[in-house]
Each structure stands twice: as C-alpha cells, then as structure tokens.
Amino acid sequence: MNKHVFPIATSAGRRIPVKMQALCADITTLQVDAIVNAANTSLLGGGGVDGAIHRAAGPELVEACRKFNGCATGEARITSGFRLPAKFVIHTPGPVWHGGRNGEPELLRSCYLSSLRLAAGNGCRRIAFSCISTGVYGYPKAEAARLAVDTVRNWRESELPEEVMFCCFSFEMLTLYREVMAEYT
Ligand code: AR6
C-alpha cells in the first residue's frame, strides 16, 4: 500500500463509524451482545419494555439488579442477560419529561453515552437500544429519536460497539428514526 494513503479518519478515536439501523421488534427477542433497558432508578423492574425484559430474562435479573442499590437518572448498569438471547442487559433510567427545560436532553444523552461506554467496556460489538423515555416518561418521540441517532453517530470513545440498533415498538417510532437517519446518509 502506498505509505501516504491512510484510511479516512471519521473521528478522533475510531476509523469506522458506528453502523446504525432502526427496526421494529420486541427487544427481548434480539440476538445481540447487549440490549439497553429503559429502566427506572430502582432498577427493580416495572412496566413497558422494562417489564418485558424482566419477564423474559427470568427472576435472576432482578436479583442481579438488586445489588446495585439503584441507579441515578442518566447513568447505566450492566448485568447478564440470563434467559434472554442477548448476552447482557444494560439498564439506564431515562429522564421523565417535564417540558424540556429541566435537563431532560442532557440526561437522555447521558443515558446513551453511559450505555455505549458499558457496551464498549464489556466487548459488545452489536447492541440494541430501546427508545428510552418515550413511553410512560413522556419524552417527545421525534426529539428523542434525533438525540439518540445524533449521540450514537458522534460516538468517538471506542471502536466498540460496531453496530447499534434502535429497537422501535411501533411503526410511528420506526418512521421517526428512519427520517432522522436519512438526513445523515
Ligand atoms: N420491546 C421494545 N420496545 C418496547 C417494548 C418491547 N417489548 N415494550 C415497550 N417498548 P417505556 P420509559 C417501547 O414506557 O418511557 C417502566 O415502567 C415503548 O413503545 O417502557 O423510559 C420503567 O420501569 C416505548 O417506545 O419506558 C420505568 O418506570 C419505549 O419502549 C418507566 O417505564 C419506552 O417506553 C420508564 O419509562
């Protein structure tokens, strides 16, 4: 190879951008290295995607989560996936939407970054995010999708993960993701 030809640097810390895709699925069925749960600060389970993940993973999951003594909004914790096809579950409590001037965007961004960090630190190549905060926590869906795509697209800290899936649970949400991602391609 010509010694003056180098791979194009797409960012400071990684040469290959994260491959992103949005899909419509039940996140508990995905065979990936880690799925990211939209948890609450107790980490002890709840409704929505959190309830589905705990049901599918089995009772060992809540026992593993209990050891953390909770988790602050915007932070993340990692456990085994137990009976799930995914190897790990990353649990992150998203912000409750209170109008957007109470740090909600920063906290939601922090959920994505904290989760990416844990995924990278645990050798995860393929991960799937749930649409954190867009259910009972009321974060506007379009803004949440934009922030999610933007944060993953700008992920620079590690070569991992290689691939990120945005796991939607409605075609409305899937369309929002696809619209945002189309702007970047
Ligand atoms: N697979 C993928 N996505 C799902 C699934 C599923 N099986 N089920 C729901 N969703 P939510 P939040 C989507 O309410 O807003 C829990 O009780 C759903 O359509 O689960 O962050 C926790 O314990 C939505 O787009 O999470 C907390 O108390 C997204 O998952 C609280 O809800 C997130 O909706 C967290 O609220």
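A quick note: this is a predicted structure, and the numbers were derived from the prediction, not measured. Both ligands and their constituent atoms are indexed starting at 1 by order of listing.
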When only distance counts, is A38 in polar contact with ligand 1, meaning an N/O pair under 3.5 Å? no
Closest heavy-atom pair and its distance - A120, W155: CB-CZ2, 4.3 Å
Apply side-chain hydrogen bond (donor to acceptor under 3.5 Å, both in side chains) to the pair N40 and Y137, showing each step before the final yes or no. CA-CA 10 Å; N40 59 54; Y137 281 1; 5.2 Å; no
Smallest heavy-atom separation, A76 atom then T92 atom, equals CB-CB, 4.0 Å
So the atoms of ligand 1 within less than 4.0 Å of a heavy atom of A52 turn out to be 7 (N)
N-O pairing of R146 and E143 below 4.0 Å: no
N/O to N/O below 3.5 Å, does that happen between N40 and ligand 1? yes
Using a 4.0 Å heavy-atom cut-off, which part of C168 comes near ligand 1: side chain, backbone, both, or neither? neither
Going by distance only, is there an N or O of G47 that falls short of 3.5 Å from an N or O of ligand 1? yes
Which atoms of ligand 1 have any heavy atom of V49 under 4.0 Å away? 1 (N), 2 (C), 3 (N), 4 (C), 5 (C), 6 (C), 8 (N), 9 (C), 10 (N), 20 (O), 30 (O)
G46 heavy atoms within 4.0 Å reach ligand 1 at atoms 17 (O), 23 (O)
Under 3.5 Å, N or O to N or O, is S130 touching ligand 1 that way? no
May I ask you to check if ligand 1 and F169 share an N or O to N or O distance below 3.5 Å? no
Before signing off on this row, confirm whether A39 and ligand 1 have an N or O atom pair separated by under 3.5 Å. no
Closest non-hydrogen atoms of P95 and C111, given as atom of the first, atom of the second and distance, are CD-SG, 4.4 Å
Are there more than 12 heavy atoms of other residues, nucleotides or ligands under 6.0 Å from atom CZ of F171? no
In Å, rounded to the nearest 0.5 Å, how long is the span from CZ of R126 to CE of M165? 3.5 Å
So, is V136 polar-close to ligand 1, with some N/O to N/O distance under 3.5 Å? yes
Rounding to 0.5 Å, atoms NZ (K141) and OG (S133) come to a distance of 11.5 Å
Quick one: does A25 get within less than 4.0 Å of ligand 1, heavy atoms only? yes
Would you call T28 a ligand 1 contact, heavy-atom distance under 4.0 Å? no
Heavy-atom donor-acceptor pair, S130 side chain to V36 backbone, under 3.5 Å: yes
Does ligand 1 have any atom that is closer than 4.0 Å to a heavy atom of S133? yes
Shortest reach to atom 22 (C) of ligand 1 by a heavy atom, considering only T29, L108, D50: D50
